**Q** 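Sharing a structure, written as C-alpha cells. Questions coming.
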Amino acid sequence: QSYKNFEVIIVDDYSSDGTLNIINEFLLTKNNIKLFRLKKNFGGPAKPRNIGIKNSNGNLIAFLDSDDLWDSRKLEKQVNFIKKNKLNFTSSNFKLIDENGNYIDKLFFKFLFNLLPKKKLEHLIINNFIALSSTLIKKKYLPLFNEGKEYISVEDFDNWLKIMNNKNVSYKFQNEELINYRVLNNSISNRKNKKIQD
C-alpha cells in the first residue's frame, strides 16, 4: 500500500493449506503484522473479523477478505476521502474477478449497480452496494459482527444496516474501483450454492 501508517491483523481461521507458512515468512521481516490463529474453524467470517477488531489499535478499520485484492492506493485514497468529506464511513466501487484473477465482464450488473443510488439506509436495503473489502470506517462506529450461525454469509450486510441506521454516522460512496472482488462458485456468499446457504 502507498499509505504506510497501518497495522495488518491476520486472523487465520484454522487454515489447512500453506497459508500459515507464508504468513510466518512475512512475520520475520515485517513489524506491523499481528497473527491470530484460531484453534478450530468457526465456519463463517464473523468471529475472525471480531477478533481482528478487538485487537486493532488504529481508529480506522479496513477489511480484506482472503480472496479479494486491494488496489495499491486503496488506503491512501480512502483516508484522504474520509478527511476531505469529513466522514466516518466509506466504501468504494469494485471490479469483479474470477477464481483465476481474470476480470468478469458483467455489463448489465455494473450498469445497474452504478445506476442505483448509494446514499441512505433505504438505498442499502434495496441493493447492498457495500462490499466488505472496500470499506473504511472509524472504529468507534463499528459494531461487532453477529456470530450467530443463521447470519453466516449476511453478517456484513447486517452490520452495514446497523451502521447506516446510526444517526451519528456520516457515509459517502467513493465511486472508484479500489478493489478486485472475487466471485467464487464455492463461496459461502454465493446465493446459488444451496448446500452452503442451508
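For clarity, every value in this text was computed on a predicted model and none was experimentally measured.
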**Q** With a 4.0 Å cut-off on N to O distance, would you call E155 and R49 a salt bridge?
**A**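 Judged by the 4.0 Å cut-off on N to carboxylate O distance, E155 and R49 do form a salt bridge.
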**Q** Can the ring centres of F145 and F63 be said to be less than 6.0 Å apart?
**A**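 That pair passes the under 6.0 Å test.
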**Q** Can you tell me how far CG of D105 sits from CG of L96, rounded to the nearest 0.5 angstrom?
**A**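 Answer for the CG-CG pair, L96 versus D105, is 9.5 Å.
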**Q** Are F36 and Y14 grouped together when hydrophobic residues (ILVMFWY) are joined by side-chain heavy atoms under 4.5 angstrom apart?
**A**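 Per the 4.5 Å side-chain linkage, F36 and Y14 are not co-clustered.
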**Q** Taking the side chain as every heavy atom from C-beta outward, state whether L142 and N159 have any pair of such atoms under 4.5 Å apart.
**A**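 L142 reaches N159 side chain to side chain.
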**Q** Who are the ring-ring contact (aromatic ring centres under 6.0 Å, His included) partners of F81, not counting sequence neighbours?
**A**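 F81 satisfies ring-ring contact (aromatic ring centres under 6.0 Å, His included) with no residue once adjacent residues are dropped.
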**Q** Indicate the atoms forming the closest heavy-atom contact of N88 with I82, along with that distance.
**A**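 Smallest heavy-atom distance, with atoms named: C-CD1, 4.5 Å.
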**Q** Between atom CZ of F129 and atom CD1 of I126, what is the distance when rounded to the nearest 0.5 Å?
**A**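 Answer rounded to 0.5 Å: 10.0 Å.
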**Q** What are the two closest heavy atoms between K54 and L144, and how far apart are they?
**A**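 Closest heavy-atom pair between K54 and L144: CE-CD1, 3.6 Å.
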**Q** Counting only heavy atoms not in K162 (residues, nucleotides, ligands), do more than 12 fall under 6.0 Å from its NZ?
**A**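 Counting neighbours around NZ of K162, more than 12 heavy atoms of other residues, nucleotides or ligands fall under 6.0 Å, so yes.
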**Q** What are the two closest heavy atoms between F89 and V169, and how far apart are they?
**A**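 Heavy atoms of F89 and V169 come nearest at CB-CG1, 4.0 Å.
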**Q** Can you tell me if NZ on K106 sees more than 12 non-hydrogen neighbours from other groups inside 6.0 Å?
**A**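 Not buried by this count: 12 neighbours or fewer within 6.0 Å.
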**Q** Centre-to-centre under 6.0 Å for F94 and F113, is that the case here?
**A**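 Yes, ring centres under 6.0 Å apart.
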**Q** If you group Ile, Leu, Val, Met, Phe, Trp and Tyr by side-chain heavy-atom gaps below 4.5 Å, do L75 and V8 land in one group?
**A**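 Yes, L75 and V8 fall within the same hydrophobic cluster.
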**Q** Could you check whether N93 and K110, counting side-chain N and O atoms only, form a donor-acceptor pair closer than 3.5 Å?
**A**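 A donor-acceptor contact under 3.5 Å links the two side chains.
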**Q** Give a yes or no answer on whether the side chain of K39 reaches the backbone of R37 with a donor-acceptor pair at less than 3.5 Å.
**A**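 Pair absent, no side-chain N/O of K39 close to backbone of R37.
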**Q** What is the distance from atom CG of L64 to atom NZ of K74, rounded to the nearest 0.5 Å?
**A**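 Spacing of CG (L64) from NZ (K74) equals 8.0 Å.
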**Q** Closer than 3.5 angstrom, by distance alone: can the side chain of N41 be matched with the main-chain N or O of G43 as a donor-acceptor pair?
**A**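 Yes, the answer is positive, given that a donor and an acceptor are paired below the 3.5 Å cut-off.
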**Q** Start with the C-alpha distance between F157 and Y151, add both sets of side-chain angles, then the distance that settles ring pair (Phe, Tyr, Trp, His ring centres under 6.0 Å), and finish with yes or no.
**A** CA-CA 9 Å; F157 182 51; Y151 280 85; over 10 Å; no
**Q** If a pair satisfies side chain to side chain donor-acceptor pair (under 3.5 Å) and one of its residues is in residues 138-150, list it, with sequence neighbours excluded.
**A**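 Listed by first then second residue: N50-E147, S56-K139.
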**Q** Can any side-chain N or O of Q174 pair as donor or acceptor with the backbone N or O of T90 at less than 3.5 Å?
**A**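 Side chain of Q174 to backbone of T90: no pair is present.
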**Q** Assess whether atom CG of N24 is packed by more than 12 heavy atoms of other residues, nucleotides or ligands within 6.0 Å.
**A**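 Yes.
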**Q** For F109, I'd like to know if atom CZ has over 12 heavy atoms of other residues, nucleotides or ligands within 6.0 Å.
**A**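 Yes.
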**Q** Can you name the closest pair of heavy atoms from F6 and Q1 and give their distance?
**A**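 Scanning both residues, the minimum pair turns out to be CE2-CB, 3.9 Å.
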**Q** Of the non-hydrogen atoms in N55 and I9, which two are nearest, and what is the gap between them?
**A**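 Minimum heavy-atom contact is O-CD1, 3.6 Å.
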**Q** With no hydrogens and no angle check, just 3.5 Å: does a side-chain donor-acceptor pair link S91 and Y171?
**A**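 Side-chain D/A pair, S91 to Y171: present.
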**Q** Is any side-chain heavy atom of L124 closer than 4.5 Å to one of L161?
**A**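 Yes - at least one pair of side-chain heavy atoms lies under 4.5 Å apart.
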**Q** Quick one: CG on L178 to NZ on K77, what's the gap to the nearest 0.5 Å?
**A**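 The CG atom of L178 sits 6.0 Å away from the NZ atom of K77.
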**Q** I'd like to know whether E176 forms a side-chain hydrogen bond (donor to acceptor under 3.5 Å, both in side chains) with S92, so could you lay out the CA-CA distance, the side-chain angles of the two residues, the decisive distance to 0.1 Å, and finally the verdict.
**A** CA-CA 6 Å; E176 290 186 77; S92 77; over 6 Å; no
**Q** Is the backbone N or O of R182 less than 3.5 Å from a side-chain atom of D68, with the two atoms forming a donor-acceptor pair by type?
**A**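 Present.
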